[in-house]
> 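Sharing a structure below in structure tokens format, with a few things to ask.
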Amino acid sequence: MFKPVSSKVDFSKLEENLIPLWKEKNVFKRSIEARKNNQRFTLFEGPPTANGNPGIHHVLARVFKDVMPRYKVMKGYYAPRIAGWDTHGLPVELEVEKKLGISSKTQIEEYGIAKFNLKCKESVFSYLKNWDAMTERIAYWCDLEHPYITMDNSYIETVWWTIKQLWDKGLIYQGYRVTPHCPRCGTSLSSHEVAQGYKENTEDPSVYPKFKVTSSEKEIINNLLKDKPIYLVAWTTTPWTLPGNTALAVAAAAEYAVVDNGSEYLILANDLRAKAGLGDQKVQTTLQGSEIVNTRYEPLYNPDQFGVERRRPMKTTSQDGVERKEFRVQQADDKLTYRVIATDFVTMEDGSGIVHVAPAFGEVDFEAGLAFDLDFVQQVDLAGKLIGNYPFAGKFVKSADKEILADLQARGLLFKSGKVLHTYPFCWRCNTPLLYYAKQSWYIRTTEVKDKMIANNEKLNWYPEHIKNGRFGDWLKNNVDWAFSRERYWGTPLPVWRCETCGKMECIGSISELVEKSGIDPACFEKTALGLHRPAVDEIKMKCTACGGQMKRATEVIDCWLDSGDMSIAQYHYPFNPGSKDIFKDGRFPADYICEAVDQTRGWFYSLHALSTLLFGEICFKNVICLGHILDAEGEKMSKSKGNVVDPWKVINKYGADALRWYCLTVTPPGNVKRFSEDQVGEITRRFQLILWNVYSFFVMYANIDNYVPASDMNVEPDSELDCWIISELNKLIRDVDHDLDNYNPTEAGRKMEIFVNDLSNWYVRRSRRRFWKSESDTDKTSAYNTLYLCLVTFSKLLAPFMPFMAEELYQNLVKAVSPGSPDSVHLTDFPVADLAKINDQLSSSTQLAIKVCSLGRAARSGANIKVRQPLSKVVVAVKSRSEREGLIKLKPQVLEELNVKDIDFVDSMGELNQSNYTCMLEGENGVALCTEISVELEMEGMAREIVHRLQTMRKSAGFEIADQIITFFEGDEYIQKVMQDNASVEYLKQETLSRNVLGVFPAEGVYSESFKLGGHPVKLGVKKA
RNA sequence: GGGCGCUUAGCUCAGCUGGUAGAGCACAGAUCUGAUAAGUCUGCGGUCAAUGGUUCGAUCCCAUUAGCGCCCA
């Protein structure tokens, strides 16, 4: 006996009730342990940060992560999954700053780094409960009890080991990096933060400074110079960068004009002459950009005269033979001149066609500086104030602008100035305009292994495929060294110590090395809340082995992307943990599968790939699904400010986790963006879950009535075409789902499962109903039960990785309830194996045709306005081949019953269908004609059916149970009497309505009765429990 | 500004190596039903984003453009 199943169901409730079962039976752990001796399947979990609530996009990623290991476990793989948490980084610090009401590094240091970092540590897990609750509720199975945590000492130790490895290979160096910098907060901003703060129509100065030419390689210029002064006219919107100017750039191929401006000559791009207001002046001569190159000019402000250092990149060769550029301070030069260079970033769109280059304040400028060995002048400090002894020294850059302009004006070095409106980035927190600022940073020389990374990429399976050679491949091709240090507080400390006396540096690769070299007591970090973090680690000093001086730690912390990218080994505490060296042999590395959203191509996907290539020369993951983003129903990005963020709990509580999971897995291919709308999740409930549920409840209802007991071997030998067909479809489905999942395509697999459920419900069950309803037990009925049972049980296993709850519900009732010796959970069973011998393509296409013929037949009936309940004598089908005809003949009973006709005939062409008394319906290459002639007998039979239909409805209204036997009473005119006296009709009626007796006289009471007019004949019907 | 992706019915999506388009939902009318919140039939809906090219033939291949999304500037 199965547990009775109501056709009404609340999936969300049902799911909540299953979670305790899994806990009690320890199903997750057992599903793993049971396969302990088998081949591994390794998922790397990309660590989220738990300092915010999980959103719908996290659900999406977790569902995609979950489906594959679940499948693999059922296929027999050993698939432990370790949860992970990303705990470091600027986002965490920003949260704490917000809570403390502070917003600058100075304020943090005043507050105290120790206190600050403690707050960070607390804040990291402030939403952990919500994360765990969500993870459990959506049935994302992973080991939440033993996660890797990037701030743990053991994790940090592996990161240190990693850095040391790279250090020893000579892959770590210090250099400059231009970053968007907020002078008020004293902090670099991540690109994400910068993107938040762009403002359109920002007003800035539009300035044309003049640079006085001193000499040129070009004879014409030198000749003109004898005549009157020549100036190069540049253009900028940031006058405060002008003291940092160390070159002017032109476009080599562009045409430049030397304009006679009365007392002076001005050089600028010919195309931009008019725009600059020099359209009417006489053009003395024109030159190619390449001809101006190396023209020398006087700086507007010679740094040497204003107490600012002038540094120049100089080539040096280190011990390991690698060429580097080091910035060396230059001797003061009162007659300093700079030169004109040609670059490809000069455009003729605005300005003067001559670009002012200040390597300390812009990425392209900085790179040009390196390429052309330009001087590097940093006349602004991190607070955005000018240094040195300029007249405007000590001023904030934006306020210095005016004074600089006035100064240039006074010295005759300003051609003109105005205002411009453009888009400019501001600090998203304090609204201060950002400065692009070159800062010292530590780099990993990833370019050293660029080719290897590209080669390794070839070994990866990307889904969707285009990421491989597109976004990711391009990123690798354009690889630049990884600036991995941050001048912040809450992060893995950079394990580099530097001698204050001789400058020697040492990298520490383990805790024991640190203890050994510094002589500290390990207890000073082992037992403290902050462990290896700042500031305690900053206090650790060691003795320089070269000069005996004191070594102090470099103050930076490490980019948290390096933390997460190192998880492939740090989660195992490699190489310190005993046994961790086996990870390369036992399948724990590389991962078989990872999955995150597409923004991780340059984030986590890259950091994993880069680190494993750098460290081991190996790939880090074999298969990767790259998910598209979730947008709102209008296609807009979800954001708090727009108020269009979807709360996953709301969706789950309403529709259940299974529906949401199914939505995530099937609504679009994984790489596409998803426009999320609740309605679509609801549609899944209606279109898929409820249909399956009703097949299930149908089965249970009748199985209980008939006391059906499933055969123990489940080896169903179907004996009807219908059973053979659905078993064939089932095996095809197993084959396809298996294949799709094997190819990391749950979307296709899911869509095929939807089709199967439709076929099962709308053809198999629909056509089989009478087989279950017939009261006597016979082989056909048993075959129907066996077949439907097999379909449902098998389907529950196919469904398990996708909809773990519903699959479990089916399994518990259909299998566990009747067979206590079976596995405790569907998730402990094996994935079904397709029996290819049972796949019958011939039968499959015949059935497809039969379904189509029925569809056409119904359309034909509808066209002739004849109800399906009215039996007809004949249907004629036009077929295009013998095999079609033979296929249909085998399925003749199904077609006849579905269409309610007595006989079927075939013709070879559509033309033959057009006969009188026939109604036709044609579509494509098939056509159907129905005989519309209704004999007296057919009419009477139709009436009997009509009466049966009314009686069935009355049984329901009277509240009878489905299996209740009844007595039927009737009154009617002569015609009705005649129908009800027909033997065949009465037998049919009895069987359909479970009537023991059909009586022409009503009893006095106890009868539920209704009156009708059927086909013009008045009828009164009554039903009563027998 | 650069790279990648997307654009097919009102909505969500199919459409394999080119042979002039399909499904589900929604909507309207009819209909069936003792499993069904479902099913069936009919209708409503598309110059397959635009332009040009290759081809006997293009939703599909190529180029350009536009819009959207993401990443990077």
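Keep in mind that the numbers below use all heavy atoms, side chains included, and drop hydrogens, waters and symmetry copies. Reminder, nothing fancy here: chain letters follow the sequence lines and each chain counts from 1.
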> Side-chain N or O of A:Arg858 less than 4.0 angstrom from OP1 or OP2 on B:rU31?
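The answer is no; no side-chain N or O of A:Arg858 sits under 4.0 Å from OP1 or OP2.
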> For B:rC72, take OP1 and OP2 only and decide whether either is under 4.0 Å from a side-chain N or O of A:Arg602.
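For B:rC72, neither OP1 nor OP2 has a side-chain N or O of A:Arg602 closer than 4.0 Å.
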> Tell me whether A:Lys654 is salt-bridged to A:Asp10, with the criterion being a basic N under 4.0 Å from an acidic carboxylate O.
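Judged by the 4.0 Å cut-off on N to carboxylate O distance, A:Lys654 and A:Asp10 do not form a salt bridge.
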> Are a donor atom and an acceptor atom from the side chains of A:Gln689 and A:Trp662 found within less than 3.5 Å of each other?
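Judged by distance alone, the side chains do not pair up.
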> For the C1' atoms, the ones on B:rG1 and on B:rU59, what distance do you get once it is rounded to whole angstrom?
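Their C1' atoms lie roughly 31 Å apart.
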> Between A:Glu898 (CD) and B:rC32 (C1'), how many Å, whole number?
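Those two atoms, CD and C1', are 10 Å apart.
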> Just to confirm, is there a sub-4.0 Å distance from OP1 or OP2 of B:rC32 to any side-chain nitrogen or oxygen of A:His949?
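Looking at the OP1 and OP2 atoms of B:rC32, neither is under 4.0 Å from any side-chain N or O of A:His949.
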> Only pairs with both distances under 3.5 Å count, Watson-Crick or wobble alike; so what is the partner of B:rG69 in this structure?
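Base-paired to B:rC4.
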> For atom C1', what is the distance between B:rU40 and B:rG24, given to the nearest Å?
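To the nearest whole Å, 15 Å.
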> Paired with B:rU47 by Watson-Crick or G-U wobble geometry, both distances under 3.5 Å: which nucleotide is it?
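B:rU47 is unpaired by these criteria.
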> Does a distance-only test, which skips hydrogens and angles, find a donor-acceptor pair under 3.5 Å between the side chain of A:Arg687 and the base of B:rG24?
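Between B:rG24 and A:Arg687, which were checked side chain against base, a qualifying N/O pair under 3.5 Å is absent.
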> Between A:Arg767 and A:Glu897, is there a side-chain N and carboxylate O pair less than 4.0 Å apart?
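Between A:Glu897 and A:Arg767 there is a salt bridge, with a charged N closer than 4.0 Å to a carboxylate O.
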> Please name the nucleotide paired to B:rG19 by Watson-Crick or G-U wobble geometry with both distances under 3.5 Å, or report none.
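Checking every strand shown, B:rG19 finds its partner in B:rC56, with both distances under 3.5 Å.
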> Nearest to the A:Pro669 side chain among B:rC41, B:rG34, B:rA14, which nucleotide is it?
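Selected nucleotide (nearest to the side chain): B:rA14.
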> With nearest nucleotide decided by heavy atoms, which residue, A:Arg955 or A:Lys674, maps closer to the 5′ end of RNA chain B?
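On the 5' side of the pair lies A:Lys674.
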> Answer yes or no: is there a donor N or O on one side and an acceptor on the other, between the side chain of A:Arg861 and the main chain of A:Gln870, under 3.5 Å?
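Confirmed, A:Arg861 side chain pairs with A:Gln870 backbone.
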> Against the six-membered ring of A:Phe960, is A:Arg955 placed for a cation-pi contact (under 6.0 Å from the centre, within 45° of the normal)?
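No cation-pi geometry.
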> Would you mind pulling out the nucleotide paired to B:rC11, Watson-Crick or G-U wobble, both distances under 3.5 Å?
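Result: B:rG24.
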> P atom, B:rG46 versus B:rA35: distance in rounded Å?
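Going atom to atom, P in each nucleotide, I get 39 Å.
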> Kindly indicate whether the side chain of A:Arg869 and the base of B:rC32 share any N or O donor-acceptor pair separated by less than 3.5 Å?
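Not at all, since no donor on one side and acceptor on the other fall under 3.5 Å apart.
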> Provide the distance between the two P atoms, one in B:rG34 and one in B:rA49, to the nearest whole Å.
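Here B:rG34 and B:rA49 have their P atoms 46 Å from each other.
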> So, OP1 or OP2 of B:rA35: does either fall under 4.0 Å of a side-chain N or O from A:Tyr696?
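False: A:Tyr696 side-chain N/O out of range (4.0 Å or more) of B:rA35 OP1/OP2.
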> Check whether the side chain of A:Ser761 and the base of B:rA38 form a donor-acceptor pair under 3.5 Å.
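Per atom types, no contact qualifies.
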> Measure from the side chain of A:Thr668, starting at C-beta and using heavy atoms only, and say which of B:rG5, B:rU12, B:rC41 lies closest.
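Minimum distance to the A:Thr668 side chain belongs to B:rU12.
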> Among the nucleotides B:rA35, B:rA37, B:rC70, which one has an atom lying closest to any side-chain atom of A:Val598?
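Nearest to the side-chain atoms of A:Val598, counting from C-beta on, is B:rC70.
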> Measure from the side-chain heavy atoms of A:Arg686 and tell me the nearest of B:rA37, B:rU12, B:rG34.
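Of the options given, the side chain of A:Arg686 lies nearest B:rA37.
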> Map A:Phe960 and A:Trp475 onto RNA chain B by nearest heavy atom, then report which one ends up closer to the 5' terminus.
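Result: A:Phe960.
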> Counting Watson-Crick and G-U wobble pairs only, both distances under 3.5 Å, name the nucleotide matched with B:rA37, or none.
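No nucleotide pairs with B:rA37.
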